[in-house]
Amino acid sequence: MSASKLVKPAVEHKESYLEALKEFQDEGRYTFLDIKDVESSFEDFIHKLNEGKKHLHKPYADWVEPVPETVLWLVKDGAFIGTLNIRHRLNWHLEKWGGHINFVVRPSMRGKGFAKKILQKGMPFVCYLGIERALITIDPKDEVGRHVVEFCGGQFDDETPETDQFPARRRYWLDCS
Ligand SMILES: CC(C)(COP(=O)(O)OP(=O)(O)OC[C@H]1O[C@@H](n2cnc3c(N)ncnc32)[C@H](O)[C@@H]1OP(=O)(O)O)[C@@H](O)C(=O)NCCC(=O)NCCS
């Protein structure tokens with residue numbers, strides 16, 4: 001048994017990633033991805049995730065400025081466990097709702113300490129990208145997410161109120177200096 005590690009997405013994790021994607025979609029995440037398409041063009045999918053500065057975070061590209069994003073996967077014994085997304089800078093939407101950092105653990109691997117591992121192991125990458133203070137936003141009802149961020153040193157700033165389009169988010173800063 002090996003320790004978990006954060007790595008660039010890679011083709012060798014295909015089987016476990018696809019299983020995890022099914023789990024995520026069952027809870028309503030990543031529904032914009034078609035599993036069959038991802039499976040049949042997995043090398044392309046991986047290539048796009050690893051495009052570095054050219055890989056853009058653009059959920060609302062028509063009305064918010066896309067920003068470069070680094071994607072890392074937590075793997076253990078060769079199997080995919082979770083994802084860390086690091087947006088290299090904020091736009092007005094990320095400033096209020098999305099943050100620099102997003103982390104997610106596949107449902108069947110939750111409650112085993114992997115979210116803490118993702119965040120702790122991810123901080124050197126965040127610093128390497130030149131981010132001095134990293135913003136993480138959490139759903140106020142997400143007790144687990146809050147616990148993880150506070151455990152990892154996140155300092156609470158304020159709460160972005162719910163709008164017609166977006167839910168409320170608690171905003172935390174992590175010091176990278
Ligand atoms: C939030 C998320 C990443 C947590 O993943 P996880 O692997 O289960 O988290 P961990 O096992 O590392 O840590 C869970 C911690 O929360 C604690 N916890 C569990 N239920 C809790 C509750 N109801 N209230 C407070 N803390 C709770 C656990 O005890 C554990 O802390 P401990 O190790 O100090 O005992 C996972 O639920 C997820 O992917 N959610 C969807 C995406 C998301 O919300 N991401 C966070 C915002 S970016």
Side-chain angles (χ1 to χ4, degrees), residues 1-7 9 13 16-33 35 49 55 57-60 64 67-91 93-127 129 131 133-163 165-176:
M1 208 191 289
S2 62
S4 60
K5 54 186 177 182
L6 267 183
V7 297
H13 311 301
S16 55
Y17 179 80
L18 291 172
E19 287 165 9
L21 184 55
K22 169 84 176 59
E23 292 175 13
F24 286 133
Q25 292 196 339
D26 286 347
E27 63 170 17
R29 290 178 205 281
Y30 300 111
T31 49
F32 54 90
L33 292 175
I35 294 194
L49 292 180
H55 179 72
H57 172 77
K58 49 179 177 183
Y60 313 106
V64 73
V67 300
E69 180 182 63
T70 293
V71 180
L72 295 167
W73 284 355
L74 189 78
V75 299
K76 184 170 163 60
D77 300 325
F80 170 89
I81 290 175
T83 298
L84 177 72
N85 302 79
I86 310 170
R87 291 88 189 226
H88 299 195
R89 57 190 161 79
L90 300 174
N91 55 33
H93 183 259
L94 293 173
E95 178 91 38
K96 291 288 181 194
W97 283 279
H100 287 100
I101 298 177
N102 186 67
F103 56 95
V104 60
V105 171
R106 67 182 281 190
S108 62
M109 296 301 269
R110 290 183 188 160
K112 300 173 191 283
F114 287 122
K116 286 179 172 177
K117 288 233 158 59
I118 288 185
L119 205 46
Q120 288 169 331
K121 290 178 188 245
M123 287 316 286
F125 293 91
V126 177
C127 299
L129 287 166
I131 300 166
R133 283 199 323 154
L135 181 67
I136 303 191
T137 76
I138 301 286
D139 176 345
K141 295 188 282 300
D142 180 1
E143 301 281 346
V144 182
R146 272 171 71 167
H147 180 85
V148 171
V149 170
E150 287 169 9
F151 176 89
C152 292
Q155 297 294 312
F156 176 69
D157 186 338
D158 62 8
E159 187 166 318
T160 301
E162 186 180 346
T163 68
Q165 273 178 301
F166 301 108
R169 301 296 280 177
R170 284 173 68 84
R171 297 167 72 252
Y172 289 86
W173 292 97
L174 280 165
D175 187 1
C176 309

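Everything quoted here is computed from the prediction, not taken from an experiment. Atoms within each ligand, like the ligands themselves, are counted from 1 in listed order.
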Identity of the nearest option to atom 2 (C) of ligand 1, non-hydrogen atoms only, from Gly111, Gly82, Gly113, Ala115: Ala115
Shortest protein contact, atom 36 (C) of ligand 1 (heavy atom only): Arg110 NE, 3.5 Å
Heavy atom of the protein closest to atom 48 (S) of ligand 1 (residue, atom name, distance): Asn102 OD1, 3.3 Å
Numbered atoms of ligand 1 (with element) below 4.0 Å of Lys112, judged on heavy atoms: 11 (O)
CG on Leu174 to NE2 on His100, rounded to 0.5 Å: 11.0 Å
Residue portion contacting ligand 1 (non-hydrogen atoms closer than 4.0 Å) for Arg146: neither
Pairing of Arg146 and Asp142 as salt bridge, 4.0 angstrom limit: no
Note, Thr70 side chain near His55 side chain (heavy atom, < 4.5 Å): no
Protein contact of atom 39 (O) of ligand 1 - nearest heavy atom, named by residue and atom, plus distance: Val105 N, 2.9 Å
Proximity winner for atom 33 (O) of ligand 1, if only heavy atoms of Met109, Arg106, Lys116, Gln120 are counted: Lys116
4.5 Å side-chain heavy-atom contact, Asp139 and Pro167: no
Any Ile86 side-chain heavy atom under 4.5 Å of Ile131 side chain: yes
cation_pi(Arg170, Phe156) dist<6.0 Å, angle<=45: yes
Identity of the nearest option to atom 21 (C) of ligand 1, non-hydrogen atoms only, from Thr137, Leu119, Val144: Val144
Protein contact to atom 15 (C) of ligand 1 [nearest heavy atom, distance to 0.1 Å]: His147 CD2, 3.5 Å
Within 45° cone of Phe166 ring axis and under 6.0 Å: Lys96 NZ or CZ: no
Residue, atom name and distance, where the atom is the protein heavy atom closest to atom 47 (C) of ligand 1: Ile138 CD1, 3.5 Å
Whether over 12 other heavy atoms sit under 6.0 Å from Gln155 CD: no
Heavy-atom nearest neighbour in the protein, as seen from atom 22 (C) of ligand 1, with distance rounded to 0.1 Å: Glu143 CB, 3.7 Å
Protein heavy-atom partner closest to atom 13 (O) of ligand 1 - residue, atom, separation in Å: Val148 CG2, 3.6 Å
Lys58/Glu69 salt bridge by N-O under 4.0 Å criterion: no
From CD (Gln120) to NZ (Lys117), nearest 0.5 Å: 7.5 Å
Shortest protein contact, atom 44 (O) of ligand 1 (heavy atom only): Asp142 OD2, 3.0 Å
Mode of Phe103 contact toward ligand 1 - side chain, backbone, both, neither (heavy atoms, under 4.0 Å): both
Atoms in ligand 1 with a heavy atom of Arg29 nearer than 4.0 Å: 41 (C), 42 (C)
